[in-house]
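Everything quoted here is computed from the prediction, not taken from an experiment.
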Amino acid sequence: MRLRNAVVERLGHPEEPFDSAAYPARLNLGCGYDKRAGYLNVDFKDFHAPDLVGDVRSLPALPGGRYEEIVAQDVLEHLERADGPVALAEWRRLAAPGGRLVLRVPDLPSMLRWLRDEDDPDHHRRVIQHMFGTQAYDGDFHLNGYTELLLCDELFRAGFGAVEMELRDGWLWELEATAGGPPVGFVWGPGFHQREADGQRWAAESAELCVCLGGDRPEELALTLVLSRHPDADTSLQITGAGLDQRVELTEQPATHALQVSARPGATRLTLATEGRAAQDGRVLAFRAGGEAAIAALA
C-alpha cells in the first residue's frame, strides 16, 4: 500500500492511513529505482513506485524513534542548501536510539581535483554532470555541495555522531553515523582505497586521515590505528600533523598504534606518508590501515 495524498484529494476519497508497522524498521529514503527488500522504500516521485510517496524532509506518516537503519544515498545534494539540515533533523527524529544512518554524497573538493586530471572537454563534461546532476527530470538536479567537514558538522548539529567516512571512486563520500553518538568523525581521505571486508583499507604512498570534532571546545582524541604493509613492499610510515611527528616501522602483520591528538572544533588533518618501495597491482599499495577515533574522556 502506498500513500498518494495528492491523488486521493483529487478523487475526493477519504485518505487511507499509512500502516508503517506493516513495513520493516529500516528506511531507504530517496530510493529512486533502487528499491530494497527488507526496507520501507520512500521517494517523492510516484513513477518510481516506492512503498511510500513522500518528502524526505518531512515524513509525518512515520513514527519517531523506530528506525534502526536509515539509508539515504545520493539524496542530500538534491536538496536546496537550507533544506539539508531540515532533512537531517527529520531523519534524526525517525532514528531509533543508536540507529545507523548511511549516506552517500559527492565530495566537492574531489570533483574540483578531478576536473584537473585531463584537459579534455569531454572529461570536463562528465565531471560537470556528476557535479550538477543528470538533470533528466525535476528533482534530478544537484543543488548543494559538501566537504567532509561541512557534512560532519551538519550531522553533529542534527544529533548524529560517531561518523566514519571514506571516498568511493575518488569523488563520493560514503559514511555511517550513529543517532546520539559522540560528535567525532573519522574520515579516510585522498590516498586511501575503499574499506575491505575485514575493515582494513590499502593506501598509496601518502594519504590523509582527517578527524572532525563538533562542539565549541578542544578535546583530547584517542586514535587507534591498525597498520601493516604489503608483503611485496618495503616501507616505513611517518605520521605528521596536529603536533604529531611519529615514525612507524611497518610489518606484514597488523599492529595496533595508539595516538593522542589535541583537536580543536573543526577538522584535524594527519598525513600518513611512507618511505621505501611500494607494491604494485594496478594500484600503488604502500600500507594498510584501519582504526577508530574517540573523545578520550568518553572512550
S.K.: Test the R229-F287 pair against the cation-pi criterion, namely NZ or CZ under 6.0 angstrom from the six-membered ring centroid and within 45° of the ring axis.
M.R.: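 The answer is no; the distance or angle limit is not met.
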S.K.: Less than 3.5 Å apart, any donor N or O on the side chain of R66 or S20 sitting next to an acceptor on the other?
M.R.: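 The criterion, which ignores hydrogens and geometry beyond distance, is not satisfied for S20 and R66.
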S.K.: Could you walk me through whether L272 and T240 pass the side-chain contact (heavy atoms from CB on, under 4.5 Å) test, one step at a time?
M.R.: CA-CA 7 Å; L272 284 69; T240 57; over 6 Å; no
S.K.: I'd like to know whether CZ of R247 has more than 12 heavy-atom contacts from other residues, nucleotides or ligands below 6.0 angstrom.
M.R.: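 Buried by this count: over 12 neighbours within 6.0 Å.
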S.K.: If you apply the rule side-chain contact (heavy atoms from CB on, under 4.5 Å), what do you find for Y137 with K45, and how did you get there?
M.R.: CA-CA 10 Å; Y137 56 85; K45 288 294 188 183; 4.1 Å; yes
S.K.: How about CG on D198, more than 12 heavy atoms from neighbouring residues, nucleotides or ligands closer than 6.0 Å, or not?
M.R.: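 Above 12, so yes.
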S.K.: If a pair satisfies salt bridge (charged side-chain N to carboxylate O under 4.0 Å, His left out) and one of its residues is in residues 178-190, list it, with sequence neighbours excluded.
M.R.: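 Residue pairs with at least one partner in residues 178-190: there are none.
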S.K.: Using 0.5 Å steps for rounding, measure from the CZ atom of F160 to the CD atom of E154.
M.R.: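 That separation rounds to 12.5 Å.
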S.K.: Backbone N or O of S236 within a donor-acceptor pair of the T274 side chain at under 3.5 Å?
M.R.: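 Side chain of T274 to backbone of S236, a donor-acceptor pair under 3.5 Å: no, none is there.
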S.K.: Let me confirm one number: the CG-CZ distance from L221 to F186, rounded to the nearest 0.5 Å.
M.R.: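 Between atom CG of L221 and atom CZ of F186 there are 9.5 Å.
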S.K.: Taking NZ, NE, NH1 and NH2 as the nitrogens, is one of them in E148 or R269 under 4.0 Å from a carboxylate oxygen of the other?
M.R.: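 Salt bridge: yes.
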S.K.: Do the side chains of R126 and D122 get close enough for a salt bridge, i.e. N-O under 4.0 angstrom?
M.R.: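 Between D122 and R126 there is no salt bridge, as every charged N stays at least 4.0 Å from the carboxylate O atoms.
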S.K.: How long is the span from the CG atom in L40 to the CZ atom in F18, to the nearest 0.5 Å?
M.R.: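 One finds 4.5 Å between CG of L40 and CZ of F18.
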S.K.: Please report the closest heavy-atom contact between P183 and I295, naming both atoms and the distance.
M.R.: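 So the minimum-distance heavy-atom pair works out to CD-CD1, 4.2 Å.
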S.K.: I'd like to check L155 versus L101 (side-chain heavy atoms, cut-off strictly below 4.5 Å). Are they in contact?
M.R.: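 Counting from C-beta outward, L155 and L101 do come under 4.5 Å.
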S.K.: Would you say V42 and D51 make side-chain contact, with heavy atoms under 4.5 Å?
M.R.: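 Side chain of V42 against side chain of D51, heavy atoms only: no contact under 4.5 Å found.
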S.K.: Using the rule given for side-chain contact (heavy atoms from CB on, under 4.5 Å), can you reason through V102 versus L175, listing the C-alpha separation, both sets of side-chain angles and the distance that settles it, and then say yes or no?
M.R.: CA-CA 6 Å; V102 181; L175 70 90; over 6 Å; no
S.K.: Would you kindly check if the NZ (Lys) or CZ (Arg) of R201 is within the cone defined by 45 degrees around the ring axis of W188 and under 6.0 Å from the six-membered ring centre?
M.R.: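 Cation-pi check for R201 and W188: passes.
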S.K.: Please check if atom CZ in R36 has more than 12 non-hydrogen atoms from other residues, nucleotides or ligands closer than 6.0 Å.
M.R.: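 Counting other residues, nucleotides and ligands, CZ of R36 exceeds 12 neighbours.
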S.K.: With side chains defined as the heavy atoms from C-beta onward, is the minimum distance between V105 and L151 less than 4.5 Å?
M.R.: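 Yes, their side chains come closer than 4.5 Å.
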S.K.: Only pairs under 3.5 Å count here: list side-chain donor-acceptor contacts from residues 81-88, not counting sequence neighbours, and write none if there are none.
M.R.:
residue, atom, partner, partner atom, Å
D83, OD2, R57, NH1, 2.7

S.K.: Between R93 and E90, does any side-chain N to carboxylate O distance fall below 4.0 Å?
M.R.: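 Judged by the 4.0 Å cut-off on N to carboxylate O distance, R93 and E90 do form a salt bridge.
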S.K.: Kindly give the heavy-atom pair with the smallest separation between L149 and C212, and that separation in Å.
M.R.: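 Closest approach of L149 to C212: CA-SG, 4.0 Å.
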S.K.: Does H78 reach the main-chain N or O of F141 with its side chain, forming a donor-acceptor pair under 3.5 Å?
M.R.: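 Such a contact is found between H78 side chain and F141 backbone.
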S.K.: Could you check Y67 against Y23 for ring-ring contact (aromatic ring centres under 6.0 Å, His included), going step by step and ending with a plain yes or no?
M.R.: CA-CA 11 Å; Y67 295 94; Y23 293 88; over 10 Å; no
S.K.: Any luck finding a side-chain donor-acceptor pair between Q238 and D245 under 3.5 Å?
M.R.: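 Side-chain D/A pair, Q238 to D245: present.
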S.K.: May I ask you to decide if H48's main-chain N or O and K35's side chain share a donor-acceptor pair within less than 3.5 Å?
M.R.: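 Checking the backbone N and O of H48 against the side chain of K35, a donor-acceptor pair under 3.5 Å is found.
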S.K.: Is it the case that one hydrophobic cluster holds both V226 and L209, taking links as side-chain heavy atoms less than 4.5 Å apart, direct or via other members?
M.R.: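 Per the 4.5 Å side-chain linkage, V226 and L209 are not co-clustered.
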S.K.: If you take all heavy atoms of N28 and D34, which pair is closest and at what distance?
M.R.: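 Looking at all heavy atoms of both residues, the shortest contact is ND2-O, 2.7 Å.
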S.K.: Does the pair L167 and S110 meet the rule for a side-chain contact (heavy atoms from CB on, under 4.5 Å), with working shown?
M.R.: CA-CA 9 Å; L167 280 171; S110 292; 3.8 Å; yes
S.K.: Please list all pairs meeting ring-ring contact (aromatic ring centres under 6.0 Å, His included) that have one or both residues in residues 212-245, counting only residues at least two apart or in different chains.
M.R.: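 Passing the test, one end in residues 212-245: W202-H230.
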S.K.: Could you check whether any side-chain heavy atom of P190 comes within less than 4.5 Å of a side-chain heavy atom of R113, counting everything from C-beta outward?
M.R.: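 When only atoms from C-beta onward are counted, R113 and P190 do touch, with a gap below 4.5 Å.
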S.K.: When clusters are formed from ILVMFWY side-chain contacts under 4.5 Å, directly or step by step, what else is grouped with M111?
M.R.: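 L108, L112, W114, L115, V127, I128, M131, F132, W171, L172, all in the cluster of M111.
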S.K.: Do R283 and D281 meet the salt-bridge criterion of a basic N to acidic O distance under 4.0 Å?
M.R.: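 Result for this pair is yes, salt bridge flagged.
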S.K.: Mind checking what makes side chain to side chain donor-acceptor pair (under 3.5 Å) contact with R100, not counting sequence neighbours?
M.R.: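 With neighbours one apart ignored, the set is E69, E176.
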S.K.: Over all heavy atoms of both residues, which pair between D43 and G30 is shortest? Give the atoms and the distance, please.
M.R.: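 Minimum heavy-atom contact is OD2-C, 3.3 Å.
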S.K.: Just so I know, are the side chains of N144 and L79 near enough to count as touching, which here means a heavy-atom distance under 4.5 Å?
M.R.: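 Heavy-atom side-chain distance check fails, nothing below 4.5 Å.
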S.K.: How far apart are the closest heavy atoms of G145 and L150, and which atoms are they?
M.R.: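 Smallest interatomic distance, heavy atoms only, reads O-CD2, 3.8 Å.
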S.K.: At what distance, to the nearest 0.5 angstrom, does CG of L285 lie from CD of E205?
M.R.: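 Taking CG in L285 and CD in E205, the distance rounds to 9.5 Å.
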S.K.: Can you find a pair of side-chain heavy atoms, one from I70 and one from L94, that are under 4.5 Å apart?
M.R.: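 When only atoms from C-beta onward are counted, L94 and I70 do touch, with a gap below 4.5 Å.
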S.K.: Just distance, no hydrogens or angles: give the donor-acceptor pairs under 3.5 Å from side chains in residues 253-267, sequence neighbours left out.
M.R.:
residue, atom, partner, partner atom, Å
S262, OG, E220, OE1, 3.3
S262, OG, E220, OE2, 2.6

S.K.: Between R168 and E166, is there a side-chain N and carboxylate O pair less than 4.0 Å apart?
M.R.: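 A salt bridge is absent here (no side-chain N lies under 4.0 Å from a carboxylate O).
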S.K.: Between CD of E164 and CD of E292, what distance do you get to the nearest 0.5 Å?
M.R.: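 One gets 8.5 Å once the value is rounded to the nearest 0.5 Å.
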S.K.: Is there a path of hydrophobic side-chain contacts, each under 4.5 Å between heavy atoms of I, L, V, M, F, W or Y residues, that connects F192 with V284?
M.R.: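 In one cluster with F192: V284, no.
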S.K.: Is E174 salt-bridged to R195, cutoff N-O under 4.0 Å?
M.R.: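 Here E174 does not pair with R195 in a salt bridge, since their nearest N and O are not under 4.0 Å apart.
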S.K.: Does V71 belong to the same Ile/Leu/Val/Met/Phe/Trp/Tyr cluster as L62, with side-chain heavy atoms less than 4.5 Å apart forming each link?
M.R.: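 V71 does not cluster with L62.
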S.K.: Calculate, to the nearest 0.5 Å, the distance between atoms CG and CG belonging to N41 and L29 respectively.
M.R.: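 Output value for this atom pair is 9.5 Å.
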S.K.: Which heavy atom of C152 sits nearest to which heavy atom of G185, and what is that distance?
M.R.: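 So the two residues come closest at SG-CA, 4.2 Å.
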S.K.: Same hydrophobic cluster for Y39 and L27, using side-chain heavy-atom links shorter than 4.5 Å among ILVMFWY?
M.R.: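 Different hydrophobic clusters.
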